[in-house]
Amino acid sequence: MNGTNINEKTLTKTMSEFTTPPLGDKASMFPLTKMECESELFLQAQSQLDEVAKAMGLEKHLHERLRYPKRAMIVSIPVKMDDNSVKSFVGYRVQHDVTLGPAKGGIRFHPSVNLGEVAALAMLMTWKCALMGLPYGGAKGGINCKPWNLSIGETERLTRRYTSEIINLIGPDKDIPAPDMYTNEQTMAWIMDTYSINVGYTVPSVVTGKPVSIGGSLGRQEATGRGVAYCTRRANKDFLGDISKPSVVVQGFGNVGSITAKMLHEAGYKIIAVSDVFGGIVNKNGIDITKLLEHVKIKGKVEGFANCENISNEALLELECDILIPAALGNQITQDNVTKLKTKLIVEGANGPISPEADSYLAQHNVIVVPDILANAGGVTVSYFEWVQGLMHLLWSEDEVNQRLEQLMDKACDEVFKLSIDNNIRLRMAALQIGVSRLAEAKHLRGLYP
Ligand code: GLU
């Protein structure tokens with residue numbers, strides 16, 4: 001029905017997606033290294049690292065070690081479907097680096113998931129955790145599936161069997177999964193339960209983003225959106241001269257986009273358009289996000305909300321606005337549509353929503369971009385708070401969590417904005433430089449075994 005059947009044809013197709021375009025100059029730089037994860041997205045993540053490594057004069061041996069994941073696991077996941085047939089899905093867990101602590105990162109369920117995507121996102125997690133000063137390495141996982149076609153029972157069996165296949169990789173001191181695209185608190189509860197049953201006792205800290213009733217943290221669910229909203233307000237203040245009621249377009253109305261829109265709306269920002277997978281809505285005078293959230297609860301989508309016109313996801317990105325927040329999928333702003341954008345500031349709620357070509361175009365045209373590893377780092381930051389509370393048996397209030405989140409976001413924004421201004425570099429390069437240099441220092445201090 002909807003799973004990826006593992007047969008020869010699929011495997012051949014999947015492997016061909018990993019075929020690497022010629023490395024050009026880089027071939028002589030790194031003649032021996034090549035891995036199966038080199039999809040287009042992975043090469044993009046790698047070339048960001050190459051750019052920053054060059055700018056900061058990173059030693060070649062450290063640079064090369066950071067260009068590839070430390071470990072990657074591919075698993076086949078057989079699942080009994082509701083009609084009693086058995087489908088096999090393909091799942092991944094990649095740990096890019098574990099120098100600073102256990103690997104950390106989300107698990108996504110999506111048809112775009114492949115080794116290259118997961119490896120690229122694992123690398124981003126390394127920089128994100130290092131930038132935020134969290135004692136973690138970077139990881140990502142995922143299952144190639146169409147989650148919207150799976151029943152709850154099928155999703156549960158898929159999640160549990162995936163967990164059991166990767167069980168030797170994960171653990172509270174080894175690698176701690178969390179929600180990502182199309183996974184949520186319930187998914188984390190199933191992972192935690194499967195892991196706990198297998199080891200024989202309850203281990204809440206094997207995942208973060210759990211329901212509060214089984215050891216989750218207050219404020220975790222809202223944390224990514226809260227962090228995006230926080231970065232947006234800081235960037236408005238520092239780069240746009242603190243526009244008093246800026247017009248905002250938000251692509252995506254899931255856990256990240258809806259919370260971001262709600263918080264900015266409460267702060268007096270004018271949200272003129274939002275969208276979800278089914279399409280978008282626009283009202284140039286501003287949308288009442290509190291009422292829209294009630295509408296979405298009943299109807300399951302933003303379309304049909306009072307006083308708004310419908311708009312496609314593509315057209316939404318091209319609306320004139322002060323601030324654009326892509327908070328849905330990756331690769332939404334590319335060379336095909338970047339010239340049509342009419343915004344001053346982009347805050348990346350999603351991971352990797354802007355292609356490298358579009359990113360350079362935006363920089364040349366003085367559009368400020370707050371990069372994903374800073375803008376959406378609120379999620380992993382409160383994941384860290386959840387992990388700490390779990391390990392130390394502490395219970396922090398929601399205010400305490402939010403205050404701590406604001407402190408860390410504030411510090412990271414200060415550091416990134418300052419380095420960007422002082423060195424006249426893009427915010428993305430500044431954020432990466434801070435993350436990569438923390439990794440480089442740690443690798444130096446730890447030395448190389450044996
Ligand atoms: N999936 C989220 C991210 O991309 C959260 C990861 C986490 O909390 O570990 O940052």
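Model, not experiment: these values are computed from the prediction. Read the numbers this way: they start at 1 and go in the same order the structure lists the ligands and their atoms.
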Separation between CG of Leu115 and CD of Glu36, rounded to the nearest 0.5 Å: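 Taking CG in Leu115 and CD in Glu36, the distance rounds to 7.5 Å.
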
Separation of Leu150 CG from Met81 CE (nearest 0.5 Å):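 With rounding to 0.5 Å, CE (Met81) is 5.5 Å from CG (Leu150).
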
What residues come within 4.0 Å of ligand 1, counting heavy atoms only?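 Ligand 1 pocket, heavy atoms under 4.0 Å: Lys104, Gly105, Gly106, Met125, Lys128, Lys140, Ala178, Pro179, Asp180, Arg220, Asn351, Gly379, Val380, Ser383.
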
In terms of side-chain heavy atoms, does Asn255 have a donor or acceptor partner in Asn184 at a distance below 3.5 Å?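 There is no such pair between these side chains.
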
Examine the side chains of Asn168 and Lys174 and answer whether a donor and an acceptor come within less than 3.5 Å of each other.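 Note: Asn168 and Lys174 side chains miss the donor-acceptor criterion.
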
Would you say Gln389's side chain and Phe385's backbone share a donor-acceptor pair under 3.5 angstrom?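 Checking the backbone N and O of Phe385 against the side chain of Gln389, a donor-acceptor pair under 3.5 Å is found.
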
Can you name the residues that form a ring pair (Phe, Tyr, Trp, His ring centres under 6.0 Å) with Phe239, not counting sequence neighbours?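 Checked Phe239 against ring pair (Phe, Tyr, Trp, His ring centres under 6.0 Å); matches are Phe417.
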
